[in-house]
Amino acid sequence: MAELSKTYSPQEVEDKIYHFWESHNLFHARVNPEKQPYTIAIPPPNITGILTMGHVLNNSLQDAFVRWKRMQGFEACWIPGTDHAGIATQHVVEKSLRKDGIERREIGREEFLKRVWSWKEQYGGTIIKQLRKLGTSCDWERERFTMDEGLSKAVQEVFIRLFEKGLVYRGKYIVNWCPKDHTALSDDEVNYVDSNGHLWYINYPVEGSASEFITVATTRPETMLGDTAIAVNPKDERYAHLVGKRVVVPLAERAIAVIADDYVDAAFGTGAVKVTPAHDPNDYQMGIRHNLEQMIVMDTSGKMNLNVPRKYQGMDRYECRRELLRDLDQTGLLLKTEDHANSVGHCYRCDTVIEPYLSDQWFVKMQPLAEPALKVVQDGAIKFYPERWTKVYEHWMTNIRDWCISRQLWWGHRIPAYYLPSGAIVVALTKEEALEKARVLDSSIGPNDLRQDEDVLDTWFSSWLWPFSILNWPEENEDLKYFYPTDTLVTGPDIIFFWVARMIMAGLEFRGEIPFRHVYFTSIIRDAQGRKMSKSLGNSPDPLDVIATYGADALRFTVLYLAPLGQDVMYSNEKCEMGRNFANKIWNAGRFLLMNKDSILGEFTTAGLSVPGASAPEAAVELSDRWIVSRFNATVKELSLSMDAFRINDAVKTIYDFLWHDFCDWYVEFAKNRIAASSDVNEKYAIITRALSIYEETLKLLHPFMPFITEEIWQGLSERGTDESIMVASLPQADETLIDTEMERSMEFLQNVISAVRTIRNEMNLPPSKSIDVVVNCTDDTRALVLTSNVTAIQKMTRAATVEAGVNLAKPGYSASSVVSGQEVFVPLKGLIDVDVERSRLEKEIARLQGQLRGVQAKLSNETFVAKAPADVLQKENDKLNNFSQTIAKLTASLEQLQG
RNA sequence: GGACUCUUAGCUCAGUUGGUUUAGAGCGCUACCUUGACACGGUAGAGGUCACAAGUUCGAAUCUUGUAGAGUCCACCA
């Protein structure tokens, strides 16, 4: 049996334990017809990512779930992996190449991709290594990457299927364009930031008139060079006479039409809007309605192109804006400038202001996919925790827009679409296949006539397949059949649309089955000031530092304790002290029990006795024994209910309270005293064995939350086989027949008597060195028996010389007193008593009770309450009434005696 | 503009369907205690009219509405 060191050192233990688990292949799950599968998939972190507190929370939760289920006997499989993160990764690699003076475009696509892959091999996936530090029980053999061959195949397959179904199409649309990344972004990839901009009022001269103008207000004057109309509201009488006439775009000197459209709000600005179909989504729609020319005036870098007057060509959009405003001012056409607050879209990756831009992109038609995905959530086949997110989900799903899936990047899954010289498109897994398909359309096509689309797919286009692509879909296989669908998805609510919704759509569309049954939305981790953790604020602690300081168990436990379902968490490192202190407590309890066992075993040896076997006579089962068993089973029950309801903070709190307060504060203290008081080595052995077995079962309950320390101690509790591990031990089941609340109340009474005496000691300033006696006058024999059969415990815990309990005991003169459950507790003080202190103590207590009594009396004298309240509630109030008045009477008697 | 969340002890927060809650925990604070597991500890204690107002109810921290403050998401923004 291993001896536990004086203090617990997670640093020495955690790596060793993790290695033990990994080397014994305890994380690996196989198809096992005898067991129910329980599968979860990690939300794949970016390959460029490092571990953040958000990941810590997410993975602590997932690991708790998966370990819990594994110990319940499920074939638990947690599949890890990473996401190729198109833009983020391309950025990182471009940046590192730039340090060597290399530009992406100079080395070309193929070479660049080679560099990305080698970057990935060298630096990527740091986070996967870091997760091990946290203790995650992932099936590392199944680790996947969204650009793996298998996953890439799934992506192409899906693209082709959707294309053939008509759900993927190519179209010209206004997209969110990032001029820095040179790519389109989906609506979700744009962050709108409120900013203080300006509204510029510009006069457009009416063609052929020297004095007449239409004034428009704009926040982006540079786009006026691409104006192809001016729009007013059809009901707006101010402009009615101008509709159908033409005005001249200042500086560009082009004449454009004045049109009427309902979109225009007559009350905003001047009521007249410049229309730039190629650079604004609303204007684009108007352009379609009125058949306007779409005039692109910028290039993909946000620089003005050849469609603008020579002076502005090549200027950056903002430089052009400044120049243009100056020119307008000089010509007198800039009427005025107003401050104007508006929100401006920024690229979620590089924070550049996005530019609405007309271009050719690929889209997924979402509505047909959204309908069934909405239904499974509304029907409850997929449940959200907390439930309120279903509303958000429903809202998005019923207002869904088509998904722009093409990205003008190099790093990603290249779109498997090929263009014929005629402009026709074929879609195929390989170029050979594409060629075959193309030849059906035109037999003269040669390999060089086919041009593959240059774009890659949105990263989420691979992420949405994750729950089944990680199981090698589209290939039918045993793993897929057994492990799909997964059970619980743990993720942040910020990606409910990006990821959660789309996974549900994909699962139903391609697999005909939901991808998971439960979705647990984690809290957001904030700093002590309530700000989001972010790189730029530098307020995000490095979890590895925290682990080094406090230990992974402490971090996990703390984070789970702090994170109630659906509420944000204000985190600071000091909070981990709580988890660390708890780990220390667990450790020391184990150390104490093992030390006692050791010394008792020693006594057998000295006495020349043999250690009793399993069939040895048990020591007498006392109240505290039955109590701890009852409490243990109640704890198991409560814990299971909390776990099933995803109330992890409750689960963690339940076990914390049981282990620290019930087990350590009371049960171990009782056991300690019994062992000290006993002279029978067999009895001592039985007591310590019983305590150890409760302790061992409790460690199992705790293991999903604090895996390292529980394994380390568990290994030391008895001789274990080399393959044995607590992580595959079976979880204790609650035996409800052993939960006895009546008996627990007896124990509570005993505890309260002990506390009452301790209170008297403290308040009368009686140091432990001063000997006291305890007399308890009971109203019935049952109460008295509880005390008389635990005299030793009371003596030890209150440091009393004598303890007397019985019915109709005389009250000792000059004593401090207290009433516990109607029983009078006296501590005779013989000259030690400070009458004033005791008097004010009693007066205060009586006053408090009288307050309570008044409350109860008021209730009971309320006729409607008596008439309408249920019988049990009424009974309780009556009991309270009796309790309070009897206690008051007894305390008053004590008070009077003290004064008399 | 629409939706959602939060406001409980000095701080950070629990409190599941209204009545076994006389509103709890951790940290901090006060007093006592190094008693052979643990000072990362033990014992005892102080500290709250549950943001405010109205309502529903026999009964509200808990349900409804409103007000104030904090925050999140969606849509729009010429």
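Sequence lines set the chain letters: A, B, ... in the order given, protein chains first and strands last, and positions in each chain run from 1.
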For [X], answer base if it contacts any base atom (sugar-phosphate contacts may also be present), sugar-phosphate if it contacts only those atoms, and nothing otherwise; contact means non-hydrogen atoms under 4.0 Å.
| X | value |
| --- | --- |
| A:Y201 | nothing |
| A:V275 | nothing |
| A:R854 | nothing |
| A:P493 | nothing |
| A:R745 | nothing |
| A:L199 | sugar-phosphate |
| A:E574 | nothing |
| A:V216 | nothing |
| A:S755 | sugar-phosphate |

State whether a side-chain donor-acceptor pair under 3.5 Å links [X] with [Y].
| X | Y | result |
| --- | --- | --- |
| A:N573 | A:Y571 | yes |
| A:T792 | A:N673 | no |
| A:E338 | A:Y201 | yes |
| A:N588 | A:N584 | yes |
| A:S642 | A:K653 | no |
| A:K637 | A:T635 | no |

Rounded to the nearest angstrom, tell me the gap between atom [atom1] in [X] and atom [atom2] in [N].
| X | N | atom1 | atom2 | value |
| --- | --- | --- | --- | --- |
| A:F497 | B:A75 | CZ | C1' | 11 Å |
| A:E845 | B:A44 | CD | P | 15 Å |
| A:F658 | B:A25 | CZ | P | 19 Å |
| A:D283 | B:C76 | CG | C1' | 14 Å |
| A:Q850 | B:U22 | CD | C1' | 15 Å |
| A:K796 | B:U43 | NZ | C1' | 17 Å |
| A:N399 | B:C76 | CG | P | 10 Å |
| A:F557 | B:G26 | CZ | P | 12 Å |

Is A:T218 reaching over with its side chain to a backbone N or O of A:R220, donor-acceptor style, under 3.5 angstrom?
yes

Pi-cation contact, A:F592 with A:K672 (under 6.0 Å, within 45°):
yes

B/S/- along nucleotides 3-17 of chain B (protein heavy atoms under 4.0 Å) is SSSS-----SSSSB-

If the sugar-phosphate is the primed atoms plus P, OP1 and OP2 and the base is the rest, what is the B/S/- string for nucleotides 31-42 of chain B, using protein heavy atoms under 4.0 Å?
----B-BB-BSS

So, is A:K880 close to the B:U22 phosphate, meaning a side-chain N or O under 4.0 Å from OP1 or OP2?
yes

For A:P250, all residues meeting side-chain contact (heavy atoms from CB on, under 4.5 Å), sequence neighbours excluded
A:I202, A:Y204, A:P205, A:M224, A:L328, A:L333

side-chain contact (heavy atoms from CB on, under 4.5 Å) partners of A:P768, counting only residues at least two apart
A:R799

Span that lies between the [atom1] atom of [M] and that of [N], in whole angstrom:
| N | M | atom1 | result |
| --- | --- | --- | --- |
| B:A9 | B:G47 | P | 14 Å |
| B:A61 | B:G24 | C1' | 12 Å |
| B:U20 | B:U67 | P | 32 Å |
| B:G36 | B:G42 | P | 16 Å |
| B:C6 | B:G19 | C1' | 26 Å |
| B:U22 | B:A39 | P | 37 Å |
| B:G48 | B:U64 | C1' | 25 Å |
| B:A54 | B:G59 | P | 15 Å |

For the residue pair A:Y656 and A:F582, categorise the inter-ring angle as parallel (less than 30°), tilted (30 to 60°) or perpendicular (more than 60°).
tilted

Specify whether A:F497 and A:W396 have parallel, tilted or perpendicular ring planes, treating 30° as the upper limit for parallel and 60° as the lower limit for perpendicular.
parallel

Comparing A:A266 and A:M578 on RNA chain B - which has the more 5′ nearest nucleotide
A:M578

Nearest to side-chain heavy atoms of A:Q852, which nucleotide of B:G71, B:U22, B:G19
B:U22

Kindly say whether, by distance alone, the side chain of A:R848 makes a donor-acceptor pair under 3.5 Å with the base of B:U22?
yes

More than 12 non-hydrogen atoms from neighbouring residues, nucleotides or ligands closer than 6.0 Å to NE2 on A:H661, yes or no?
yes

Residues forming a ring pair (Phe, Tyr, Trp, His ring centres under 6.0 Å) with A:Y550, sequence neighbours excluded
none

Just need the stems in RNA chain B: three or more back-to-back Watson-Crick or G-U pairs, each with both distances under 3.5 angstrom, sorted by first number.
B:1-7 with B:68-74, B:10-13 with B:24-27, B:29-33 with B:41-45, B:51-55 with B:63-67

